[in-house]
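Have a look at the structure below, then the notes.
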Amino acid sequence: MKKFVFSMQKILDLREFEEKQAQIELGKAVAEVNRIQQELEVIAAERLRMVQVCNNSDVYDMITNERYIFRLDANRDKLLEELAAAQLVAEKKRTIFAEAMKNRKVLSKLKEKQFATYKRENQQIEDVVSDDLTTSRYRIIQ
């Protein structure tokens with residue numbers, strides 16, 4: 001019996017590599033989105049803390065705290081813009097990954113079908129050989 005050989009194996013390997021790379025890039029993009037969201041949460045918590053502190057201070061501390069709150073708001077606005085951009089990048093990476101996965105699956109299914117055909121044909125050949133052996137033994141015995 002000859003061994004099963006998928007004629008497009010190199011292309012399948014390339015598609016698997018491309019899918020893995022797209023998955024890594026998507027992971028990086030999602031990690032960036034998560035990092036920005038965490039920074040936004042830290043800023044929100046700090047802003048809330050400063051608003052509470054601001055009520056219990058003298059005038060000089062209140063002015064300093066107010067300026068700090070303005071700076072936190074500016075940082076928040078900047079991060080929101082970065083978040084929107086990062087989400088767009090992540091969505092593009094998600095689309096690229098989905099396309100790479102689809103391309104790989106097409107070849108994987110083709111390989112599975114060809115392997116099933118190979119197994120079925122080999123089974124038929126084995127059945128014929130087995131029948132021939134059984135028939136020849138039966139003729140020898142008689």
Side-chain angles (χ1 to χ4, degrees), residues 1-58 60-141:
M1 292 283 151
K2 67 179 186 175
K3 183 179 172 186
F4 173 73
V5 176
F6 182 55
S7 61
M8 300 178 79
Q9 185 62 46
K10 288 184 180 181
I11 296 171
L12 178 59
D13 293 342
L14 177 65
R15 298 267 171 94
E16 288 172 347
F17 176 76
E18 288 172 349
E19 179 184 8
K20 189 69 171 171
Q21 291 301 110
Q23 185 179 22
I24 290 169
E25 292 298 317
L26 174 61
K28 289 177 183 177
V30 169
E32 179 65 13
V33 168
N34 290 338
R35 182 194 63 79
I36 293 170
Q37 287 175 337
Q38 288 176 347
E39 285 186 33
L40 284 169
E41 290 172 6
V42 168
I43 287 175
E46 181 66 12
R47 188 178 193 291
L48 180 63
R49 186 183 72 78
M50 290 310 295
V51 167
Q52 292 171 349
V53 169
C54 194
N55 294 332
N56 302 327
S57 303
D58 64 10
Y60 179 74
D61 288 340
M62 287 176 59
I63 292 171
T64 304
N65 290 343
E66 188 174 316
R67 287 182 182 162
Y68 183 61
I69 289 171
F70 285 141
R71 181 67 183 157
L72 288 174
D73 289 344
N75 286 347
R76 181 196 63 214
D77 294 342
K78 179 183 171 203
L79 284 173
L80 286 173
E81 290 174 9
E82 288 179 19
L83 179 63
Q87 286 173 334
L88 286 175
V89 169
E91 195 55 40
K92 286 179 186 175
K93 300 290 184 181
R94 192 170 283 113
T95 303
I96 291 169
F97 174 65
E99 186 68 26
M101 191 167 45
K102 183 179 82 170
N103 290 337
R104 193 251 329 138
K105 280 185 178 181
V106 167
L107 284 178
S108 292
K109 289 194 183 282
L110 177 62
K111 181 179 179 179
E112 289 171 8
K113 286 180 183 178
Q114 287 183 2
F115 185 68
T117 302
Y118 165 81
K119 283 180 68 174
R120 188 172 51 252
E121 289 172 355
N122 276 343
Q123 186 61 46
Q124 288 173 350
I125 291 170
E126 286 179 13
D127 290 346
V128 168
V129 169
S130 177
D131 287 347
D132 287 347
L133 285 175
T134 304
T135 304
S136 67
R137 283 186 183 160
Y138 179 72
R139 287 184 184 163
I140 293 174
I141 293 174

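The first residue in the sequence is number 1, and the count goes up from there.
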Verify side chain to side chain contact (heavy atoms under 4.5 Å, CB included) between K105 and M101, making sure each step is shown before the conclusion. CA-CA 6 Å; K105 280 185 178 181; M101 191 167 45; 4.0 Å; yes

Separation between CD (E16) and CG (L12), nearest 0.5 Å, reads 4.0 Å

Shortest non-hydrogen pair, F6 vs K111, comes out as CE1-CA, 3.6 Å

task = Answer yes or no: is there a donor N or O on one side and an acceptor on the other, between the side chain of S130 and the main chain of E126, under 3.5 Å?
result = no

Note: I69 and M50 closest approach over all heavy atoms is CG1-CB, 3.8 Å

Notebook entry, point to check: E46 and R49: salt bridge (charged side-chain N to carboxylate O under 4.0 Å, His left out), yes or no, with the steps?
Noted result: CA-CA 5 Å; E46 181 66 12; R49 186 183 72 78; 2.7 Å; yes

| Side-chain donor-acceptor contact under 3.5 Å, D127 with Q123 | yes

Other residues, nucleotides and ligands only: do more than 12 of their heavy atoms fall within 6.0 Å of CZ on F4?
yes

Could you list the donor-acceptor pairs under 3.5 angstrom formed between side-chain atoms of residues 74-85 and any protein atom two or more places apart in sequence or on another chain?
from, atom 1, to, atom 2, distance (Å)
R76, NH1, D73, OD1, 3.3

Nearest heavy-atom contact between E19 and A100 is CA-CB, 3.8 Å

Side chain to side chain contact (heavy atoms under 4.5 Å, CB included) filter on I11, not counting sequence neighbours, yields M8, R15, L107

Paired with L72, the side chain to side chain contact (heavy atoms under 4.5 Å, CB included) test is passed by just one of I43, L48, V42, namely I43

- Given L14 and K10, is the side chain to side chain contact (heavy atoms under 4.5 Å, CB included) satisfied, shown in steps? CA-CA 6 Å; L14 177 65; K10 288 184 180 181; over 6 Å; no

Applying side chain to side chain contact (heavy atoms under 4.5 Å, CB included) to N103 and E18, what does each step give before you reach the verdict?
CA-CA 10 Å; N103 290 337; E18 288 172 349; 5.6 Å; no

Exercise. Let me see the working for Q21 and F17 under side chain to side chain contact (heavy atoms under 4.5 Å, CB included), right down to the final yes or no.
Key: CA-CA 6 Å; Q21 291 301 110; F17 176 76; 3.7 Å; yes

Nearest heavy-atom contact between A86 and I36 is CB-CD1, 3.9 Å

* Does any non-hydrogen side-chain atom of R120 lie less than 4.5 Å from one of T117? -> yes

Beyond-backbone contact of V30 with R94, side-chain heavy atoms, under 4.5 angstrom
yes

